[in-house]
Amino acid sequence: MAQDQGKSTGPDLIQGIALADLPDGGKLAGRCGDDQVLLVRRGTDVFAVSATCTHYGGPLVDGLVADDTVRCPWHHACFDLRTGEALRAPALNPLACWAVEQRDGRIFVGEKLKRTAPKPRSGGSGQVPEKIVIIGGGAAGFAAAEMLRRERFQGSIVMLSNDQSPPVDRPNLSKDYLAGKAPEDWIPLRGEKFYSKNNIDLRLNTEAMHVDARARQVILADGGRIPFDRLLLATGAEPVRLAVPGADQPHVRTLRSFADCTEIIARAATARRAVVLGASFIGLEVAASLRARAIDVHVVAPEKRPMERILGPQMGDFIRALHEEHGVVFHLEQTLSSIEGGTVRLSGGSTLAADLVVAGIGVRPRTGLAEKAGLVVDRGVAVDAFLETSEPGIFAAGDIARWPDPHSGENIRVEHWVVAERQGQTAALNMLGHREKYVAVPFFWSQHYDVPINYVGHAERWEEIVVEGDIAARDCLLRFKRGGRTLAAASIFRDVESLEAELAMERAVPV
């Protein structure tokens, strides 16, 4: 989560700096009173904005300037240098801006500017809807609702969630919060007052049973009907459940919701031995978090190497070694046969003691509503470049959406937080008639102890992996190539190179 940036450091920007100390395209972090401020020069223009990302507090001076924007090195949020607006998730809050004056060959930073609401986009086509319904309380659904109000949409927004909690920062459920390093008040994406203040009708513990596309209504489990002019399906994915004897015992858990995480933390308080099923990102992040709580952890997975399918063999070997350094024991090329009380039996015949079992064996997109509504479904809900489904006025975003990716040239579906948020934002704009294509490069990050892994692009298949740097030294960037093109890049502590790879992929696609 957000990092403590400590005392303000760097030159006093109120007293000014020499213009020559800030070359064209350069960045400089300084202070204005108690505030950390970033100066960026673009030709004759000099901008002054908050020095830390509003997402998790990443240092923007270590990021990338592209056109009139600055991108965060940690999780690729993007901000407008002129207005401070958060242009791309995962950041949702804007940066503060300061007045800048140039005189006598020096740059002076003046007063902090009063924050103003961003101007809504112009150029929308068609009739503005009056009623928008969002089904789903995760990343895509929340980002859509937030963007609708940011664009000053005045109509009604009804947000239906089958969760018992308001939208939360799900990546932290397997990372810092599960590890005991983040307080609970960091977990909600917004406080409860946000929804009432912005007139968002958030209905928790509410199950949508059917979408009547012809009547333009959502039918609820209790028989209620909610009319809509535009609908966003953002139902996300659900964990694959274990189908072995003993899987229904109370100490066998999955991790998807805040309630799931709370239950795992409660059981971890007395557990001494845990078995994690699955060597995926979620599984291994859970393993690292449980090790932070001094629990013995064994990981069981059918793969030969952790995450080899996504990151390749060399990175897979590194990730295994990293976890083993921290005491995790792997049982690879094995599956679970049964759970008998506090013992799990593996396919190879061996047994492991387990006070806690966490299954991270994958998720499935929740496409049932789309199927019953007669929408085209193809290993996910099929959408066009504008995230609109086969039924006009009904959109889909997040884990369920399969969209035409201009970077790979394939129809893809990606189960990652930032993708879901950015799709929710684009869907919101298109529900308002803006016809904005979804062209963002997929991005995700994973955290294993003190080692972050960033991944941009999407490569389900590759012909070669080009390694720059040293994986073992935790200083590397891997390029996944097919036909001579870089389809994706994974990195460890190569933040600027990761941002540059993302930018290169963006610019390779004609607008």
Side-chain angles (χ1 to χ4, degrees), residues 1-3 53-57 74-75 77 86 89-93 134-149 157-198 200-208 232 234-239 253-268 281-283 285-286 288-290 358 360 363 365-366 397-400 415-425 428 444-447:
M1 283 300 297
Q3 303 296 308
C53 178
T54 59
H55 175 230
Y56 282 5
W74 287 1
H75 307 125
L92 299 172
N93 294 330
I134 298 169
I135 303 178
F142 175 83
E146 191 273 342
M147 181 58 75
L148 286 169
R149 290 304 187 220
I157 301 175
V158 178
M159 189 173 179
L160 308 174
S161 173
N162 63 357
D163 205 333
Q164 64 190 51
S165 301
V168 298
D169 181 33
R170 185 173 289 140
N172 249 302
L173 299 185
S174 59
K175 300 180 178 74
D176 287 351
Y177 184 66
L178 182 57
K181 299 176 182 178
E184 185 172 323
D185 59 5
W186 285 0
I187 298 304
L189 286 173
R190 287 288 191 275
E192 291 184 10
K193 290 182 180 178
F194 169 83
Y195 301 95
S196 57
K197 180 180 178 181
N198 288 279
I200 297 171
D201 183 2
L202 173 62
R203 304 186 190 183
L204 302 175
N205 297 304
T206 301
E207 194 74 47
L232 175 63
T235 46
E238 58 188 1
R253 316 302 305 182
T254 57
L255 176 56
R256 185 69 178 175
S257 68
F258 181 55
D260 294 336
C261 187
T262 301
E263 180 62 31
I264 291 172
I265 289 172
R267 293 189 173 275
F281 290 103
I282 293 296
E285 287 175 358
V286 167
S289 294
L290 294 179
V358 181
V363 296
R366 300 178 71 234
D399 293 356
I400 64 169
E415 297 163 353
H416 290 298
W417 183 258
V418 175
V419 172
E421 285 188 310
R422 291 178 179 175
Q423 287 189 346
Q425 292 176 325
F444 71 82
W445 81 93
S446 187
Q447 185 78 26

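One-based numbering along the sequence shown.
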Any donor-acceptor N/O pair, S161 side chain to L204 backbone, under 3.5 Å: no
Heavy-atom pair of closest approach, residues I157 and A145: CD1-O, 4.1 Å
Criterion side chain to side chain contact (heavy atoms under 4.5 Å, CB included) on I134 and F142, from CA distance to verdict: CA-CA 9 Å; I134 298 169; F142 175 83; over 6 Å; no
Side chains of C261 and Y177 in contact at under 4.5 Å (non-hydrogen atoms): yes
Partners meeting side chain to side chain donor-acceptor pair (under 3.5 Å) with E415 (sequence neighbours left out): R413
Closest heavy-atom pair and its distance - A234, A140: CB-CB, 3.9 Å
Which residues share a ring-ring contact (aromatic ring centres under 6.0 Å, His included) with F444, sequence neighbours left out: F281, H416, Y455
Separation between NZ of K175 and CD1 of I282, rounded to the nearest 0.5 Å: 6.0 Å
Heavy-atom pair of closest approach, residues A259 and Q164: CB-NE2, 3.8 Å
Qualifying residues under side-chain contact (heavy atoms from CB on, under 4.5 Å), relative to D201, sequence neighbours excluded: V158, R203
Inter-residue atom distance L160.CG - T206.OG1, 0.5 Å rounding: 6.0 Å
Heavy-atom side-chain contact between L178 and L255 under 4.5 Å: yes
D176 side-chain N/O to N172 backbone N/O, donor-acceptor pair under 3.5 Å: no
E146: side chain to side chain donor-acceptor pair (under 3.5 Å) partners, not counting sequence neighbours: R150
R253: side chain to side chain donor-acceptor pair (under 3.5 Å) partners, not counting sequence neighbours: none
Pairs touching residues 258-268 that satisfy salt bridge (Lys or Arg N to Asp or Glu O under 4.0 Å), sequence neighbours left out: E263-R267
Non-neighbouring partners of R256 that pass salt bridge (Lys or Arg N to Asp or Glu O under 4.0 Å), sequence neighbours left out: D399
Student check: side-chain heavy atoms of W417 and D169 closer than 4.5 Å: yes
With sequence neighbours excluded, residues passing ring-ring contact (aromatic ring centres under 6.0 Å, His included) with H75: H55, Y56, W445
Expected output: side-chain S289 to main-chain S174 donor-acceptor under 3.5 Å: yes
Smallest separation among heavy atoms of G57 and W74, with atom names: C-CZ3, 3.9 Å
Closest contact, heavy atoms only, L232 versus A144: CD2-CB, 3.4 Å
Candidate pair I187 and L173, rule side chain to side chain contact (heavy atoms under 4.5 Å, CB included), full reasoning: CA-CA 8 Å; I187 298 304; L173 299 185; 4.1 Å; yes
Qualifying residues under side chain to side chain donor-acceptor pair (under 3.5 Å), relative to S446, sequence neighbours excluded: E285, H448
Which residues share a side-chain contact (heavy atoms from CB on, under 4.5 Å) with A89, sequence neighbours left out: E421, R422, Q425
Shortest non-hydrogen contact between S257 and D163, atoms and distance: CB-OD2, 3.8 Å
Partner residues of E238 under the salt bridge (Lys or Arg N to Asp or Glu O under 4.0 Å) criterion, sequence neighbours left out: R366
Side chain proximity check, P167 to L202, heavy atoms < 4.5 angstrom: yes
